[in-house]
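Lettering follows sequence order; numbering is per chain, from 1. Not measured: the values here are computed from a predicted model.
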Amino acid sequence: MPEYRDTLQLPATDFAMKANLSQSEPKTLQRFAEMNFYERVNSARANAPIFRFHDGPPYANGPIHVGHMVNKVLKDMVVRSRLMEGMRCPYTPGWDCHGLPIEHRVLTELSKKGKMKELDALPANERRVAIRAACASDAVKFIQVQADGMKRLLTFADYEHPYRTLDHAYEGATLELFATLVEQDIVFRERKPVHWSIANRTALAEAELEYEDREDPSIWVDFEAADREAVAKVFGVELDSTPSFMIWTTTPWTLPANLAIAIGGAYNYSLVRIDGGESIIASDMIEKVSKAIGAQKVERLAETTGDRLVGLQYKHPFCDRVGKIIAAPHVTLEDGTGLVHTAPGHGEEDWRAGRKEGLEAYCPVRDNGTYDDSVPEWLRGVSIWEANKTILEHITKSGHLVHHLMFTHSYPHDWRSKTPVIFRATEQWFIGVDRKVKNSGRTIRELASEAVESKIEFVPEWGRNRMRGMIASRPDWCLSRQRSWGLPIPAFKLADGSTFMTPASIRAVAKVMREHGSNAWFTHTPQELLAHYNSAADVDAPKDFNNATIEKLFDIFDVWFEAGSSWHSVMQERGQGFPAELYLEGSDQHRGWFQLSMLLALASTGQAPFRRLVTHGFVVDKEGKKMSKSLGNTIDVENILKEFGADVCRWWVSGLAYETDIRMDLEFLKTAGEAYRKVRNTVRFLLSNLGDLPATTDWRGALKSVEPESIDGWVLGELSGLEKNVRNAYARFDFRAAHLALYAFCNETLSSMYCVAVKDRLYCDRPDSHRRRRSQIVMRACAETLCRLLAPIMAHTADEIYRTMNAGDVSVHEQTYLNIQYQAHADWSKVMDARAAALKALEEAKAKGVENTLDAGLVMPDADGTLSKFAHDFADICGVSRATFDQSANAVQVIDLREAPRCERSRRRDESVAMRSDGGLLSDRDFDAVSVFKALHPVA
RNA sequence: GCGCCAGUAGCUCAGCUGGCUAGAGCACGCCCCUGAUAAGGGCGAGGUCGAAGGUUCGAGUCCUUUCUGGCGCACCA
């Protein structure tokens with residue numbers, strides 16, 4: 001009996017089944033690097049419409065984590081999908097380089113190495129320069145680490161020319177932007193309390209605080225009302241003596257700075273007689289306070305509400321002034337008396353409350369922790385810790401002290417000196433959100449609200465709501481930090497102690513920084529820094545300006561100012577245009593980069609720096625818990641890239657519902673890997689059947705002549721729909737929809753339906769049969785379309801597919817969509833319904849012994865003759881040997897063909913199977929194919 | 001504490017302006033194929049939609065409360 005296997009066209013391809021991504025992807029990267037691919041693509045698109053996307057700068061601190069991966073892959077999918085639309089997509093990756101986390105880590109390391117003493121012995125300026133140098137090399141090191149990770153993710157970006165906030169040009173441009181803000185009258189200087197280390201005479205960040213137990217006096221103090229009658233009126237009683245407002249505090253040393261007493265407007269307050277004295281405290285606190293101070297006799301005289309107390313005045317117990325009662329939201333009835341001693345110069349909340357009331361952040365404490373001359377004489381020059389005792393004694397004598405005990409509580413300490421930290425008001429720079437911008441006459445808050453309301457598109461839409469709330473409630477932006485690692489605020493101190501900084505002087509300094517970088521602030525003299533400044537030409541210059549007597553100030557900018565300037569310092573600076581089409585970051589940036597970039601751009605240009613904001617959620621673990629090193633639930637990106645490959649990771653990202661929390665677990669990547677293999681195998685099947693399609697075939701041109709009622713017509717119609725859907729999904733940033741559509745197409749449309757159906761003709765028809773060539777052409781169209789549609793997601797694999805079909809130095813990433821327009825026959829949905837019914841019937845027939853569908857024939861009910869139009873492909877669609885149509889039948893009938901002769905070549909039980917001259921049982925089709933084969937391959 | 005978001009089959013997610021027996025994919029079970037083979041195909045079984053109230057003829061879908069989780073309110077980026 002003849003062996004026919006060799007006469008078949010079985011699938012064959014070099015496109016490997018096993019992707020081996022961890023080896024092949026680096027090779028792809030290498031190849032792209034060698035051909036300078038980023039440059040090549042964008043220069044080829046020099047005249048194409050531009051897609052203006054601006055990358056937010058991650059912080060150059062540690063290797064990339066899963067959050068970075070999600071962020072960068074999402075961005076890359078945006079860029080690559082626009083690239084596939086034929087657009088030019090410059091993408092400048094950036095890094096945020098300055099800031100406390102780096103400075104703190106560097107200091108910690110120096111401290112560990114025992115180099116702190118050495119460092120502290122240096123003059124202040126040299127010390128700063130030394131720290132800055134260490135920080136810079138730390139930042140640069142991590143930029144490299146992160147860039148390598150991002151490249152490995154197959155992101156398409158200009159890694160040769162990234163932006164870094166420590167670059168000279170960036171620093172200069174940022175200062176120039178600052179100059180325009182100063183010009184707009186929204187920058188001002190004001191006192192604000194910060195954590196202060198007396199030992200190191202420096203401001204500290206939260207990260208530099210260590211909380212330790214400390215024993216402090218806990219005191220209850222009576223502040224005598226200034227106007228007895230006013231109080232009497234509020235409580236509706238007659239008064240013989242003047243009552244007091246009773247406060248509680250654990251920091252007696254802040255009493256000299258007391259400017260107000262805060263109450264809760266909604267609480268009730270009582271006038272009580274405690275052991276003879278009359279005091280006002282919150283009604284709900286009477287019992288607690290009585291107990292705490294050990295009162296013998298407590299009598300409630302009258303009650304009123306907090307809001308009625310507002311505006312009353314009291315005499316400071318030992319400073320010669322009156323303070324007033326104010327309402328503040330931070331007052332609680334947890335501890336104390338319900339009346340809160342308020343010293344705006346010594347507490348964040350006090351400051352905020354005081355600011356609302358127009359109180360200054362009065363701070364009589366000098367940087368060395370002693371009082372200045374604004375306090376009563378007996379306190380001048382006294383250290384605040386000493387003052388705790390002194391004040392206690394004083395108010396005991398004066399009778400203001402109600403009660404006192406020692407109290408152990410958790411208190412912040414300086415991480416280096418281990419000494420207690422205080423809150424101390426110092427001069428800070430601010431951008432006022434409620435100050436009128438000169439150009440528009442409107443405040444930044446107004447401009448931002450308007451932009452959020454109507455100028456910006458949010459994806460997802462709820463981002464608008466979130467940002468609206470944040471804009472409405474945000475405080476003024478405190479720009480200055482008392483730190484080393486950052487961009488200096490180019491302000492000087494004049495001989496008379498006032499501050500000097502004008503738009504022109506800032507621009508002059510910027511010029512120096514463009515050349516020498518921000519280190520110049522520390523290494524250059526004021527005269528050198530102002531070399532380009534001409535006070536005579538500066539209308540804002542102070543009278544009799546003399547640069548010989550000025551000194552530098554050493555505040556630096558909040559790093560957000562630098563990051564928030566990127567639309568200017570990168571996009572405008574590099575001529576990339578403004579505003580950007582899109583910013584895409586995590587939803588935390590509604591408060592961060594998005595908002596601050598917007599504020600700066602609105603203030604200086606009147607326009608938001610982006611038209612659209614896309615946000616993604618945060619990566620959390622399997623249980624929905626935040627990922628953190630301490631929980632040990634973090635996932636190392638380097639490892640997963642090694643284990644799964646970038647394309648698998650990218651496939652995972654593409655399938656995410658990214659707008660909300662993103663759950664992550666290695667299991668999910670395994671699943672993504674399975675899906676990847678399914679897609680890969682399906683495409684591989686297409687490729688493996690294209691081997692003998694002549695290279696000269698005009699497959700694109702041939703598509704329009706594909707018969708609409710053929711199975712190829714059907715799949716071409718589906719392909720056309722897929723292309724539209726996926727492109728549309730990409731346009732909406734709905735990668736998940738693209739992902740699902742692509743997956744469904746590969747699995748259902750192709751693998752389960754089409755590929756199975758056309759196998760027989762591909763393998764068994766004579767090579768050049770019309771229907772075989774037609775299938776090959778359509779399969780080619782499918783593969784060509786799929787690799788383009790997949791390109792934004794599986795950047796490597798799509799290219800691999802494309803290059804399997806197209807020779808030469810080519811890449812799918814410089815192609816554009818085929819834009820397939822094809823309409824299959826409208827009755828295909830009916831055929832598919834009939835197929836489903838047939839498959840069910842075949843499943844039932846298994847019980848009767850017809851287990852292999854090729855042992856079956858079908859008789860299909862076809863009342864209106866619809867199905868018979870598709871007769872030529874129907875048996876193949878159902879995987880059976882034969883199918884006939886019966887207009888009078890009303891149910892699918894399965895014919896048992898196990899006794900019918902079987903073609904030894906195609907294994908089908910076709911009617912035409914017969915014994916042939918060579919001794920084989922063959923159908924007509926197979927006999928013909930064998931004849932052709934023999935003619936082409938004469939036996940040697 | 002306040003603002004925004006999420007909670008639907010074992011897992012990842014759809015369910016638009018309230019309306020037929022709540023849908024996919026993965027995993028799972030049974031079966032076929034062995035000429036996509038460290039592949040491929042068919043069929044199937046899985047859910048009181050976080051909880052409790054309420055509005056309505058009718059709620060996963062609207063309202064209230066509550067629980068769980070995420071992001072933001074800092075000299076953290």
Would you list the protein and nucleotides 61-63 of chain B atom pairs, both N or O, that sit under 3.5 Å from each other?
none

Salt bridge (Lys or Arg N to Asp or Glu O under 4.0 Å) partners for A/R445, two or more places apart: A/D434
Report the residues that fulfil ring-ring contact (aromatic ring centres under 6.0 Å, His included) with A/F735, sequence neighbours left out, ordered by chain and then residue number. none
When every nucleotide of nucleotides 20-32 of chain B is labelled 5' to 3' by its protein contacts under 4.0 Å (heavy atoms), B for base, S for sugar-phosphate only, - for none, what sequence of letters results? -----SS----BS
Who pairs with A/F933 by side chain to side chain contact (heavy atoms under 4.5 Å, CB included), at least two apart in sequence or on another chain? A/T7, A/H937
Could you list all N or O pairs between the protein and nucleotides 4-10 of chain B that sit under 3.5 Å apart?
from  : atom 1 : to     : atom 2 : distance (Å)
B/rC4 : O2     : A/R466 : NH1    : 3.4

State which residues pass ring-ring contact (aromatic ring centres under 6.0 Å, His included) with A/H413; sequence neighbours excluded, sorted by chain then number. none
Name all residues meeting the side chain to side chain contact (heavy atoms under 4.5 Å, CB included) criterion together with A/A448; count only those two or more places apart in sequence or in a different chain, and write none if there are none. A/I471, A/M598, A/L599, A/L602
Just to be sure I understand the geometry, which residues of residues 586-594 of chain A put a non-hydrogen atom under 4.0 Å away from RNA chain B? A/S587, A/D588, A/R591
With sequence neighbours excluded, residues passing salt bridge (Lys or Arg N to Asp or Glu O under 4.0 Å) with A/E659: none
Sorted by chain and number, sequence neighbours left out, salt bridge (Lys or Arg N to Asp or Glu O under 4.0 Å) with A/R201 holds for none
Identify, with sequence neighbours excluded, every residue that meets salt bridge (Lys or Arg N to Asp or Glu O under 4.0 Å) alongside A/R905. A/D926
